[in-house]
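For the numbers below, each heavy atom of this structure counts, side chains included, while hydrogens, waters and symmetry mates do not. In what follows, chains carry the letters A, B, and so on, assigned in the order in which the sequence lines appear, proteins first and then strands, with residues in each chain numbered from 1.
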Protein chains: 2
Amino acid sequence: MRHVAALAGVGIKTVSRVMNDEPGVSEATRQRVLQASQQLNYQLDMAAGSLRRSGRQTLSIGLLLPSVANPFSSEIHRALEDTLSERGIAVFAASLDDNPEREKALVAAFLGRRVDGMVLTPIARSQAYVIPEHSRDLPMVFIDREPVGIEADAVVTDNAAGAARAAAHLLGHGHTRLAYFGDTPDIQTARERRRGFLEQLGQAGIPTSTVSVREGLRDVESARLAARAVLASDEPPTAIFSSQNLVTFGVMRALKELDASRRVALVGFDDFALADMMDPGITVIAQHPERIGRLAAERLLARIDGDDGAPRTYVVPSELIVRGSGELPPSY
Amino acid sequence: MRHVAALAGVGIKTVSRVMNDEPGVSEATRQRVLQASQQLNYQLDMAAGSLRRSGRQTLSIGLLLPSVANPFSSEIHRALEDTLSERGIAVFAASLDDNPEREKALVAAFLGRRVDGMVLTPIARSQAYVIPEHSRDLPMVFIDREPVGIEADAVVTDNAAGAARAAAHLLGHGHTRLAYFGDTPDIQTARERRRGFLEQLGQAGIPTSTVSVREGLRDVESARLAARAVLASDEPPTAIFSSQNLVTFGVMRALKELDASRRVALVGFDDFALADMMDPGITVIAQHPERIGRLAAERLLARIDGDDGAPRTYVVPSELIVRGSGELPPSY
DNA sequence: TTGAAAGCGCTAACAC
DNA sequence: GTGTTAGCGCTTTCAA
C-alpha cells in the first residue's frame with residue numbers, strides 16, 4: 001500500500017479510501033490511485049485490515065462437517081456457501097470423522113483464525129467447552145444435531161416425525177411384522193428416528209417386543225449382515241425401516257442377494273442418488289440439506305448482524321418420497 | 001496477549017514464546033503463563049502473527065471446485081484436507097458453477113486473504129490472469145484440467161487413455177456399431193475422452209463416420225433424450241460409451257425406459273455410488289479423486305516448501321471396473 | 001479533499 | 001531466561 005501511495009503520489013490513507021470505496025476522494029486522485037494499484041498488482045490485505053478495523057470482522061466462517069465428502073454434508077456446505085458468498089464471506093470447511101478430539105481441535109483452529117462465526121455438526125458428548133467463546137459473542141449455529149450443555153441456535157430435521165411417517169406408511173400397506181435397522185443410539189438423530197418409528201407402531205397397537213430392532217450399524221457391511229440374519233429367522237419381517245443411508249445400502253444388498261427385493265418392503269431415511277433407478281425404486285424419507293444449509297446461513301448472518309434473541313432450534317420437515325419399495329404388500 | 005502477560009506477571013514476549021512452543025522459557029514461568037492464558041481463555045491470533053512473522057504464512061489455502069457438492073470434487077477436497085491438516089493448514093473451499101467470472105473473483109478473494117497457495121479447477125478460457133501472482137511465487141496446482149496460458153503444476157486423469165481402454169473393452173466383446181455420448185467439447189477433459197475413444201476405434205479399423213457421436217450433453221435429461229433418439233434410429237449402436245456421470249445416468253434412464261439395459265452394452269467414464277447395484281451393474285472407467293487430491297496436496301506443499309523445479313503435469317491413471325453392462329455381447 | 005500519527009496483536013532482533 | 005523496541009499492513013482519529 002505504501003508503494004501504491006508513493007507511485008500515485010498520494011498519502012497512504014487516500015489509497016486506503018480508494019481501495020475500500022470510501023467517499024471523500026476526488027475522481028482524479030481515485031483514477032491515479034487505481035492505476036497505480038493495477039500497475040503494482042496490488043491487493044488489499046484483509047487480515048491486516050481487520051486487525052485495526054472496529055468490529056474486527058474477517059469475513060470468514062468455520063464449518064465443521066462429519067466429512068466434506070459425505071453427500072448430505074456437502075449439500076449443506078453448498079447451500080451455506082451460496083448464501084454467505086453474497087456477503088463476501090468465505091468458508092473454512094473441515095471434516096470430523098466421528099472424532100470428538102478433532103471437534104475441539106478444529107474449533108480451536110477456527111478461533112485462532114478469528115472467524116466471524118461457526119456452523120457445527122456436534123459429535124462430542126457435550127459442547128460446553130465452547131461456552132466461553134459463545135458467550136463472548138461468537139455466533140454459532142449447530143446443524144443436524146442439537147448441542148448438549150450449551151444453549152445455541154440449531155437447525156435439524158424432524159427425525160422422529162419422519163421416522164413415524166415411515167412407520168405409518170408401512171402400516172398403511174398392511175405390514176405388521178416390521179424391523180428397524182439403525183445406527184448406534186449414541187447419535188441423537190438415530191435415537192430420535194428409532195423413537196419416532198417405534199412410538200408410531202405402538203400407537204397402532206404393535207408392541208415394540210415384536211419388532212426386530214438392530215442397532216449399532218455403522219456401515220454397509222454390518223447392515224448387510226444384520227439384514228441377512230434377520231431375514232433368515234423363523235418369523236422374518238415383511239417390511240424394513242433403515243434409519244440411515246449406509247444402512248439402507250446394506251439392506252438393499254442383502255435383499256438383492258436373497259432375491260427378496262420385491263418381497264420385502266423397505267423405507268430408508270435419507271434420500272440418495274439413483275434411488276429411483278433401483279428395482280424397485282427405493283421409497284425414502286428425504287431430508288432437505290439445501291434448506292438446512294440455507295437456514296443455518298441465515299441464522300448465522302442474523303447473529304453476526306447483532307440479533308441477540310434467545311437461541312432457538314429450527315426444524316426442517318422431512319418428506320416421504322414414494323418409489324415402490326415401500327409400497328410392497330406383506331408377503332406371508 | 002498483553003492481558004495474559006500482565007496476569008502472569010511476565011513480559012509480552014515470554015507469553016509469545018510459550019504460546020508458540022519456543023524454547024528458552026523456564027518450566028515455572030511456562031506454567032504461570034499457561035495458567036493465565038487458560039484463565040483468560042486466550043487464543044493466539046494467527047493473522048496478527050503472520051503479519052509480522054518472516055515468511056508470512058497464514059496456514060490456509062484456497063480450493064476452487066466446480067461445486068463442493070459434486071461427489072468427484074468433494075472427494076478431492078477430502079483427500080486434500082487430510083494431507084494438509086497434518087500441517088495445520090486450513091482450506092477455504094468455493095464453488096465455480098461453470099462461471100468464468102466467478103473463477104477470477106474467487107481467486108481475488110483468496111489473494112486478499114493471503115492464502116499460502118491455491119488448488120484450482122480451471123474453467124475460464126485462459127488462466128493467464130494469475131501470471132502475476134504465480135510468478136510472484138504463490139504456489140498453485142491445477143486439478144482435473146490443465147491450465148491454459150500459464151505454466152503451472154497440474155494433476156489430471158489419463159482421460160484419453162481411459163476412454164481408449166473403454167473402446168478396446170467394447171471392441172473386445174465384439175461390438176462394431178458404437179456410440180459416443182459426451183459433454184460439451186469446450187471442456188478439455190471431454191475433448192480428450194472423445195479423442196481417446198475415437199482414435200482407439202480408428203486403430204481397430206472402425207471409421208469415425210460410423211460412430212454415433214452426440215456432444216454438448218450437460219445433464220441427465222439431455223443425455224436421456226439423445227440416447228432415446230440414437231437408439232430409435234435405423235442402425236442403432238450395440239454399445240454406448242458415456243463420457244461423464246450425468247451423461248451415464250441419462251443413458252441408463254433411456255435404456256431402462258426402452259427395456260434395453262440387457263441388450264445394449266454401456267461403459268461410463270467416472271465411477272459412482274451403487275453402480276454395482278444396478279441391473280446389470282455398470283462397467284466404468286473409474287477416476288481416483290482421492291489420489292488426485294493427495295497428489296495435488298503433496299505438490300502444493302512441496303512448492304510451499306520452496307521446490308522451484310519446472311512445472312509438471314502429473315497423470316493419475318484411471319481404471320476399468322467390470323460390472324456387467326460393458327460385457328454384454330452385440331445384440332444384432 | 002487529503003494526510004500524519006497512533007496503534008490493532010503479534011514476532012524479529014537484540015539487549016540485558 | 002527474560003524483556004524492550006520496532007514494525008508487519010492496515011484503519012482510526014484528528015488535524016490541515
Side-chain angles (χ1 to χ4, degrees), chain A residues 1-34 36-37 40-60 88 108-116 133 136 138, chain B residues 1-34 36-37 40-60 88 108-116 133 136 138:
Chain A
M1 182 143 151
R2 278 202 337 263
H3 303 347
V4 177
L7 180 59
V10 300
I12 190 174
K13 174 69 227 196
T14 300
V15 179
S16 170
R17 274 194 262 263
V18 173
M19 299 312 289
N20 290 291
D21 273 324
E22 283 171 34
V25 183
S26 73
E27 188 53 27
T29 354
R30 225 181 86 79
Q31 288 306 332
R32 221 147 20 95
V33 170
L34 246 30
S37 83
L40 296 177
N41 217 267
Y42 174 72
Q43 262 278 354
L44 208 57
D45 184 328
M46 285 189 53
S50 37
L51 195 58
R52 193 67 176 80
R53 196 191 321 273
S54 54
R56 185 160 290 145
Q57 298 209 340
T58 56
L59 290 184
S60 62
F110 288 155
L111 293 174
R113 286 180 173 81
R114 296 297 187 266
V115 293
D116 297 338
E133 339 295 343
R136 185 207 277 175
L138 177 67
Chain B
M1 183 143 150
R2 283 204 331 266
H3 303 345
V4 177
L7 181 59
V10 299
I12 192 173
K13 174 70 223 196
T14 300
V15 178
S16 170
R17 275 194 261 265
V18 173
M19 299 312 289
N20 288 292
D21 274 324
E22 282 172 33
V25 182
S26 75
E27 189 53 29
T29 6
R30 224 181 86 80
Q31 288 305 332
R32 224 150 15 101
V33 170
L34 247 29
S37 83
L40 296 177
N41 216 269
Y42 173 72
Q43 263 278 355
L44 207 57
D45 184 328
M46 284 189 54
S50 37
L51 197 57
R52 193 67 178 83
R53 197 191 319 272
S54 55
R56 185 164 288 143
Q57 299 211 339
T58 56
L59 290 185
S60 62
F110 288 155
L111 292 175
R113 288 180 173 83
R114 296 294 186 267
V115 293
D116 297 339
E133 339 296 343
R136 186 206 275 170
L138 177 67

Rounded to whole Å, how long is the line connecting atom [atom1] of [X] with atom [atom2] of [N]?
X      : N       : atom1 : atom2 : result
R56(B) : dA12(C) : CZ    : P     : 11 Å
N20(B) : dG9(C)  : CG    : C1'   : 12 Å
R53(A) : dC8(C)  : CZ    : C1'   : 12 Å
E22(A) : dT2(C)  : CD    : P     : 13 Å

> Counting any heavy atom closer than 4.0 Å, what does G24(A) reach on the DNA or RNA strands: base, sugar-phosphate only, or nothing?
Replying inline: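 Base, at least one base heavy atom under 4.0 Å.
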>> Just to be sure I understand the rule, does S50(B) reach a base, reach only the sugar-phosphate, or reach nothing, if contact means heavy atoms closer than 4.0 Å?
In response: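 Nothing: the residue S50(B), judged by heavy atoms under 4.0 Å, touches no strand.
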> Going 5' to 3' along DNA chain D, which nucleotides are the first and last within contact of chain B (any atom under 4.0 Å from a heavy atom)?
Replying inline: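 Going 5' to 3' along DNA chain D, contacts run dG1(D) to dG9(D).
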In Å, rounded to the nearest 0.5 Å, how long is the span from [atom1] of [X] to [atom2] of [Y]?
X      : Y       : atom1 : atom2 : result
M46(B) : T58(B)  : CE    : OG1   : 6.5 Å
R32(B) : S37(B)  : CZ    : OG    : 13.0 Å
H3(B)  : Y42(B)  : NE2   : OH    : 10.5 Å
L44(A) : L111(B) : CG    : CG    : 12.0 Å
S50(A) : D45(A)  : OG    : CG    : 8.0 Å

> If we fit an axis to the first five pairs and another to the last five of the helix from dT1(C)-dA16(D) to dC16(C)-dG1(D), what angle do they make, to the nearest 10°?
Replying inline: 30°
Considering only distance and modelled atom types, tabulate donor-acceptor pairs under 3.5 Å from the side chains of residues 16-24 of chain A, sequence neighbours left out.
| residue | atom | partner | partner atom | Å |
| --- | --- | --- | --- | --- |
| N20(A) | ND2 | S16(A) | O | 2.8 |

>> Once side-chain hydrogen bond (donor to acceptor under 3.5 Å, both in side chains) is applied, do any residues pair with Q31(B), and if so which ones, sequence neighbours excluded?
In response: E27(B)
> So, is S26(A) near the phosphate of dT1(C), with a side-chain N or O under 4.0 Å from OP1 or OP2?
Replying inline: no
> So which one's nearest nucleotide on DNA chain D is more toward 5', A48(B) or P23(B)?
Replying inline: P23(B)
Measure all distances between protein nitrogen or oxygen atoms and nitrogen or oxygen atoms of nucleotides 3-6 of chain C, and list the pairs falling under 3.5 Å.
| residue | atom | partner | partner atom | Å |
| --- | --- | --- | --- | --- |
| dG3(C) | OP1 | G11(A) | N | 3.2 |
| dG3(C) | OP2 | G11(A) | N | 2.7 |
| dG3(C) | OP2 | T14(A) | OG1 | 2.4 |
| dG3(C) | N7 | R17(A) | NH2 | 2.7 |
| dG3(C) | O6 | R17(A) | NH2 | 3.4 |

> How would you list, by chain and number, every residue that makes a side-chain contact (heavy atoms from CB on, under 4.5 Å) with R136(A), sequence neighbours excluded?
Replying inline: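 Applying side-chain contact (heavy atoms from CB on, under 4.5 Å) to R136(A) gives E133(A), N41(B).
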>> With a 4.5 Å cut-off on side-chain heavy atoms, are V25(A) and V33(A) touching?
In response: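 No, side chains not in contact.
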> How about V4(A) and I12(A): do any of their side-chain heavy atoms sit closer than 4.5 Å?
Replying inline: no
> D116(A) side chain to L59(A) main-chain N or O, any donor-acceptor pair under 3.5 Å?
Replying inline: yes
